[in-house]
**Student:** 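Take this structure first; my questions come after.
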Number of protein chains: 2
Amino acid sequence: MAITIRDVAEAAGVSTATVSRALRGLPNVDEATRARVQAIAQQLDYVISPSASRLASGRTGSIGVITPYISRWFFSTVLSGVESVLHNAGMDLLLMSVSTADFQHRLPPAPRLRRRVDGVLAIAIPPDDAQLDEVIELGMPTSLIGTAKQGVAGVTIDDVQAARTATQHLLNLGHTRIGVISGHLIDAPFTAEHDRYRGYRETMEDAGLEIDPLLEAFGYFTVAGGEQAMTALLTHRNRPTAVFAMSDEMAFGAMRAMRAHGLTPGKDISIIGIDNHDLSELLDLTTVAQPVFDLGRVAAEALLVQIRSGNGAVGPDSFVLPTQLIVRGSTAPVA
Amino acid sequence: MAITIRDVAEAAGVSTATVSRALRGLPNVDEATRARVQAIAQQLDYVISPSASRLASGRTGSIGVITPYISRWFFSTVLSGVESVLHNAGMDLLLMSVSTADFQHRLPPAPRLRRRVDGVLAIAIPPDDAQLDEVIELGMPTSLIGTAKQGVAGVTIDDVQAARTATQHLLNLGHTRIGVISGHLIDAPFTAEHDRYRGYRETMEDAGLEIDPLLEAFGYFTVAGGEQAMTALLTHRNRPTAVFAMSDEMAFGAMRAMRAHGLTPGKDISIIGIDNHDLSELLDLTTVAQPVFDLGRVAAEALLVQIRSGNGAVGPDSFVLPTQLIVRGSTAPVA
DNA sequence: TTGTAAGCGTTATCAT
DNA sequence: ATGATAACGCTTACAA
């Protein structure tokens, strides 16, 4: 039905082997022959059959991206960074949502990845996740984004430092009663979260400040969660004068909670996040920006290197991308 | 190297044909045989080779999703709806970003789709886009999301009605000087945009109101664009008392512009959007909600039906999903 | 119900 | 530089 490599070969008066070589740009092909083959292929509107090529070569030309969420800002932004690289490389991008913990009943990613991708990119999957382990045991080039794991390539920011920067910014403004809105430390031994908490704690301790347990609340990395967390913090007798939220979206929710209590962010209470979410500027939120698109871009590039170097030649590399404090109106000197 | 169907066949003492049938759940297989084959396959940790299967069967088991943006809210939300369906159906999701118009230099999607997917989902590609036409000419099951085109399946909302609802809401509040922030009517003959404009215009006319050209501004469907558009509207001598923004994100920007001018949304000027973006509740924005996740879900389901019915048996279906006015604090009776 | 065997469209090895 | 040809691992008539 469709045009095959043999049609091209016959039309060009060469063997299929030559067509294959010519079209793939392999060496040892007379340039005149190559040109003729290319012309005929184009004229015949020939496109290679990926299935046949994959079966014969053993390479799939595609990489799998596993992510717990698709529509959340961080994840979709990473994904677009990944896509930009893979597109340029001519690689197919297989998108696969996975369940972290209790989420919902979904097939585990490992079996769905086997024999259909040349490499895997995992976005923000906790390093001790069982499903992630299964994926890693597949033994193919893999690169983590937003988390780090011994022996596996990965791209992250320095989460400890980011949290330190945020906390220090509040300290510099004279705040001492500084609250923190985290995700859910108990359930999710999520690298980023732990590191950010550590950065907060250490910075507080370095400043000689004790951390009041009443200054801590969970926001589950969502807007609604941040709102609840802030509400909780506000109900205590001894309110914080400033709050560090581990993500901008939680900070958004926190700002809403403040307003609901008649408080103005940056005036009555200072709040800082991490991310530099698309809407953070709009909401005038001070934040520690992280290069989310680049997280995906760099990870994809590193993965391609790993794949092309034929497994092993290039050891798994780790990259730490820089963050930057962006001061806006939501933080101000203590009253 | 890897385990093949023959290994399973030998271990089970049957032919590869039987293994193939048994594992795919085809009829005419003794249940005892099937059970044995399944057990052995599992025990051997056998997974089928997609490339081989695709080559032999002609089906790819994957569908391509083409979208101009990955990280924007609307697109990533649609995408997650699509993913949920495809995951359940065991279909691979090939993600492909495309350029609308001037965007950037990217390979056209059609050649990248040929022979590698069984169907295509196109998110918000203008119906007269040349690249879309090439894709449609591929002749495979295709379903559009957010746009409509003669003879092609699709899922949309009633954009005219949504705009009518928004405009009428403002009229009901007593506003007569109602501005509109659109995308960029001249360049992008984008169904949704045209329809929304029509809904606005007709509703204004039905109310006996003339549309002052000074009440119209372009926001390019971005936050920054909405901000600029609103700023433009505010510089005129005769300001609108209410504004209809064709998307929530443009409305966000508009709200910011208002504040920059010392105006309070819902007090000094009313503003309404379309979408019910994740953050619209947070920003207290009145909007006409559209079921974005479902747009993706329904389109994917329809596409699967189209694919399974073997091309032609089921004609391309169109679905129009409902919208709903959600009144929040950004709209109020005219002063 | 099960087996046989001919493809499916490439790639890659080995000659030439 | 080019050609023959054996894989690659499955699916699917067609037989039995």
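FYI, side chains are in, hydrogens and waters are out, and symmetry mates aren't considered; it's all heavy atoms of this structure.
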**Student:** Would you check, one step at a time, whether the test side chain to side chain contact (heavy atoms under 4.5 Å, CB included) holds for D45(B) with R114(A)?
**Tutor:** CA-CA 11 Å; D45(B) 198 27; R114(A) 286 182 60 183; 2.9 Å; yes

**Student:** Given 3.5 Å as the limit, does a donor-acceptor pair link the side chain of T142(B) with the main chain of M140(B), or not?
**Tutor:**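 Present.
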
**Student:** To the nearest 0.5 Å, what is the distance between CG on L93(B) and OG on S62(B)?
**Tutor:**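 Between L93(B) CG and S62(B) OG, I get 9.5 Å after rounding to 0.5 Å.
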
**Student:** To the closest 0.5 Å, what do you measure between CG (L26(A)) and OG (S20(A))?
**Tutor:**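 Atom-to-atom, L26(A):CG and S20(A):OG are 6.5 Å apart.
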
**Student:** How far does CG of L303(B) sit from CE of M91(B), to the nearest 0.5 angstrom?
**Tutor:**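 So the CG of L303(B) and the CE of M91(B) are separated by 8.5 Å.
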
**Student:** What string of B, S and - do you get for nucleotides 8-16 of chain C, 5' to 3', if B is base contact, S is sugar-phosphate-only contact and - is no contact with any protein heavy atom under 4.0 Å?
**Tutor:** BBBSBB---

**Student:** Contact between P127(B) and L144(B) at the side-chain level, heavy atoms closer than 4.5 Å - yes or no?
**Tutor:**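 A side-chain contact under 4.5 Å is absent here.
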
**Student:** Determine the contact category for N28(B): base if any of its heavy atoms lies under 4.0 Å from a base atom, sugar-phosphate if only primed atoms, P, OP1 or OP2 are that close, otherwise nothing.
**Tutor:**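 Contact class for N28(B): base.
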
**Student:** What's the angle between the local helix axes at either end of the helix from dT1(C)-dA16(D) to dT16(C)-dA1(D), using five pairs per end and rounding to 10 degrees?
**Tutor:**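 Inter-axis angle at the termini of the helix from dT1(C)-dA16(D) to dT16(C)-dA1(D): 30°.
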
**Student:** Taking the side chain from T18(A) and the backbone from T16(A), do they hold a donor-acceptor pair closer than 3.5 Å?
**Tutor:**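 Side chain of T18(A) to backbone of T16(A), a donor-acceptor pair under 3.5 Å: no, none is there.
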
**Student:** Does NZ or CZ of R72(B) lie under 6.0 Å from the centre of the six-membered ring of Y69(B), at an angle within 45° of the ring axis?
**Tutor:**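 Pair R72(B)/Y69(B) counts as cation-pi.
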
